[in-house]
Amino acid sequence: MANLLLHIIYLCTIGMSLYTACWLLLKGDRNGTTVSLAACQILIIIWCIPQMFLWTVTQVEIKYLTYGISYVGISFIGPAWLEFSFRYCAKQIGWPGRALLFGISALNYAMFLCNDSLHLFYREFTMEQVVYGPVFYFHMLYTYLCVISGIAVVMSEFVRKRVTALPLVLISLSAAIPLAFNLLYLSRAVESNFDLTPPVFSLSSLLMLLAVFRYDFLDINAMAFGQIFASISEGVIIYNRRGRITYCNQAAARWMRIAEGDFFETLKQQVAQPELSLEDGTRLRVRQYINQDRNGHRTAGTVILTDVTEYYELLRKNGELEQFRMNLAVEQERNRIAQEVHDTTGHTLTMIQSLLRLMRAETEAAREKMDEKPLPENPQPSESPMYQYLAQAQDLAAGGIRELRCAINEMRRGGSAMTVTQGIRQLAAGVHEMEMEVEIQGEDSEDYTSLAPVVYACFREAITNALKYAGASRMDVIVKFDPARLSLYIFDNGQGCADIQENNGLRGIRERALAFGGTVRVMSAEGEGFQIVLELPVHDSCNSSDAP
């Protein structure tokens with residue numbers, strides 16, 4: 001029953017030490033402190049496993065072999081523990097000191113191996129009894145000194161940092177318990193074929209872990225980095241030398257539709273570009289870092305994905321704002337020039353017209369005085385050539401003023417987004433020489449805004465022709481808005497003509513309409529005025545924004 005209980009204790013010791021070693025190597029921080037403590041646990045396992053089979057051994061050679069395997073753990077547990085203690089306290093032993101510590105243990109183990117010829121480790125080694133020699137006691141004393149020294153180093157560090165009493169008590173127990181059990185075993189105070197020192201030493205390691213606060217051995221950097229990478233807005237992808245993705249945070253998984261374990265080759269073409277454009281409009285900036293070993297071979301790679309969509313959106317808005325500022329500056333300059341033209345040329349033409357009117361009036365007065373009869377309202381070609389010249393000059397000045405007024409209105413509205421209806425009504429309101437009536441059929445909207453310049457220019461040209469050549473006193477205008485086209489109907493009551501000759505005015509109307517994909521029809525008869533029908537397609541107008 002006792003042997004069964006001892007076997008259970010050994011199995012628990014092996015399981016606890018194995019768990020501790022695996023936990024430290026897999027989840028612990030990758031440094032010398034973690035590795036040295038894991039080495040202590042592995043040495044305890046090597047110490048324990050052969051002890052479980054001693055009761056089944058029937059030959060002295062097998063017994064000696066079992067002891068030899070077990071003493072690998074026994075010989076090096078002391079220096080390994082001291083190494084761990086120094087590393088935990090951030091102290092350096094140095095390579096000479098480390099070579100001395102492990103060299104003494106290696107020498108002790110060598111004396112064990114040579115015991116058949118020297119008999120210094122065991123004076124007697126049989127199936128019935130084992131008599132220890134001087135090297136054995138030196139070995140045990142050396143192990144005790146290493147263990148006690150290591151625990152003393154940790155306790156002094158705790159005292160220096162003013163750590164609470166509980167860790168100090170745990171460290172004291174971790175030193176006292178295994179030494180006490182080992183002394184009991186060596187002194188034969190407890191009769192047993194099992195050495196209880198390894199299980200108790202494993203328990204001591206557990207106490208040591210609790211004393212130095214278990215979180216000191218966690219891979220805190222990896223945990224913190226993982227949490228940071230998972231929460232940042234940038235995408236992070238890490239792949240190993242075999243091209244398999246070992247880590248990707250939520251942002252990278254969402255953008256690239258990948259998961260840990262996928263092969264990086266599927267993304268190689270995409271991340272080779274400095275920027276990526278996703279289907280949802282997201283734009284990513286790509287940065288890639290390659291880790292290499294001393295021989296220049298790739299060991300790992302990291303890809304950082306940064307969402308720059310907002311940056312480009314800001315650039316676009318800044319561009320629109322800059323364009324708006326330029327348009328505003330151009331419009332202000334256009335208005336300034338228009339005002340200058342209006343103030344100078346308009347004033348000059350108006351003064352010329354006034355002088356011509358005065359000259360014509362003086363001429364009429366002179367002729368009435370000479371002939372004692374009034375001058376006809378509309379002089380005939382047979383009348384005085386001077387009178388005819390004055391009348392023509394007055395008409396030209398009046399026409400020039402009208403055209404100047406239209407040109408200035410065009411300049412002032414050039415940069416603004418005037419609708420078709422606004423342009424038509426503005427031109428109609430500026431004409432005082434004849435009666436104007438405008439009828440709007442349908443509803444004007446932004447769909448027709450791109451057609452406003454050509455409608456405005458054609459209507460202005462029609463007004464000029466009606467006043468300059470047709471002698472019209474009335475003009476009727478109909479603007480019809482259909483989903484597919486815009487129609488403009490212009491009718492005047494001028495003198496009309498049987499043979500229509502397209503001069504610069506009519507030719508300009510037709511060329512503007514054709515440039516926008518539209519059509520123009522001009523109809524007239526002698527004494528029946530002019531009819532102009534302009535039709536412009538709505539959908540094609542967007543492709544003719546550069547038309548004159």
Original post:
salt bridge (charged side-chain N to carboxylate O under 4.0 Å, His left out): which pairs involve residues 231-248, sequence neighbours left out?
Top reply: Glu234-Arg287

Original post:
Residues in side chain to side chain donor-acceptor pair (under 3.5 Å) with Glu439, at least two apart?
Top reply: Gln441

Original post:
Listed by chain and number, what are the side chain to side chain contact (heavy atoms under 4.5 Å, CB included) partners of Lys91, not counting sequence neighbours?
Top reply: Phe86, Cys89, Val153, Ser156, Glu157

**OP:** For Thr302, check side chain to side chain donor-acceptor pair (under 3.5 Å) against everything at least two apart and list the hits.
**Re:** none

Original post:
Quick one: side chain to side chain donor-acceptor pair (under 3.5 Å) partners of Asp444, sequence neighbours excluded?
Top reply: Thr421

Original post:
NZ of Lys268 to CZ of Phe263: how many Å apart, nearest 0.5 Å?
Top reply: 13.5 Å

Subject >> Nearest heavy atoms of Arg460 and Leu427, plus distance in Å >> reply: N-CD1, 3.8 Å

Report all side-chain donor-acceptor pairs from residues 470-491 shorter than 3.5 Å, counting only partners two or more places apart or in another chain.
{"unit_1": "Ser473", "atom_1": "OG", "unit_2": "Asn493", "atom_2": "ND2", "d": "3.0"}
{"unit_1": "Arg474", "atom_1": "NE", "unit_2": "Asp476", "atom_2": "OD1", "d": "3.4"}
{"unit_1": "Arg474", "atom_1": "NE", "unit_2": "Asp476", "atom_2": "OD2", "d": "3.3"}
{"unit_1": "Arg474", "atom_1": "NH1", "unit_2": "Glu435", "atom_2": "OE1", "d": "3.3"}
{"unit_1": "Arg474", "atom_1": "NH1", "unit_2": "Glu435", "atom_2": "OE2", "d": "2.7"}
{"unit_1": "Arg474", "atom_1": "NH2", "unit_2": "Glu437", "atom_2": "OE1", "d": "2.5"}
{"unit_1": "Arg474", "atom_1": "NH2", "unit_2": "Asp476", "atom_2": "OD1", "d": "2.9"}

Original post:
Ion pair present between Arg87 and Glu83, side-chain N to carboxylate O less than 4.0 angstrom?
Top reply: yes

Original post:
With a cut-off of 6.0 Å (strictly less than), are more than 12 heavy atoms of other residues, nucleotides or ligands near CD of Gln250?
Top reply: no

Subject >> Interatomic spacing from OG1 in Thr266 to CZ in Arg257 - rounded to 0.5 Å >> reply: 13.0 Å

Original post:
Just how far is it from atom CD1 of Ile304 to atom CD of Gln288, taken to the nearest 0.5 Å?
Top reply: 10.0 Å

Subject >> Set of side chain to side chain contact (heavy atoms under 4.5 Å, CB included) partners for Ala251, sequence neighbours left out >> reply: Asn249, Arg254, Trp255

**OP:** Kindly write out the residues that satisfy side chain to side chain contact (heavy atoms under 4.5 Å, CB included) with Tyr311, not counting sequence neighbours, or none if the list is empty.
**Re:** Arg285, Val308, Leu315

Original post:
If you look at every heavy atom in Ala513 and Val520, which pair is closest and at what distance?
Top reply: CB-CG2, 3.3 Å

Subject >> Point-to-point distance, once rounded to the nearest 0.5 Å, from CD1 of Ile245 to CD1 of Ile258 >> reply: 4.0 Å

Subject >> Audit row: Thr419, Glu446, side-chain contact (heavy atoms from CB on, under 4.5 Å) steps and yes/no >> reply: CA-CA 8 Å; Thr419 64; Glu446 293 182 357; over 6 Å; no

Subject >> Reported OG1-to-CD distance for the pair Thr306 and Glu275, which is rounded to 0.5 angstrom >> reply: 10.0 Å

Original post:
Quick one: side chain to side chain contact (heavy atoms under 4.5 Å, CB included) partners of Gln495, sequence neighbours excluded?
Top reply: none

**OP:** Find the distance between CE (Met256) and CG (Leu278) and round it off to the nearest 0.5 Å.
**Re:** 7.0 Å

**OP:** Using the side-chain hydrogen bond (donor to acceptor under 3.5 Å, both in side chains) rule, collect all pairs that involve residues 313-326, keeping only residues at least two apart or in two chains.
**Re:** Glu313-Arg316, Arg316-Glu320, Gln323-Asn327

Subject >> Tyr456 vs Glu461 side-chain heavy atoms within contact, under 4.5 Å >> reply: no

Just list the side-chain donor-acceptor pairs under 3.5 Å for residues 522-531, sequence neighbours left out, or say none.
{"unit_1": "Ser524", "atom_1": "OG", "unit_2": "Cys497", "atom_2": "N", "d": "3.0"}
{"unit_1": "Ser524", "atom_1": "OG", "unit_2": "Cys497", "atom_2": "O", "d": "3.4"}
{"unit_1": "Ser524", "atom_1": "OG", "unit_2": "Gly529", "atom_2": "O", "d": "2.9"}
{"unit_1": "Gln531", "atom_1": "NE2", "unit_2": "Glu528", "atom_2": "O", "d": "3.2"}

Subject >> Results of side chain to side chain donor-acceptor pair (under 3.5 Å) for Asn240 - residues two or more places apart only >> reply: none

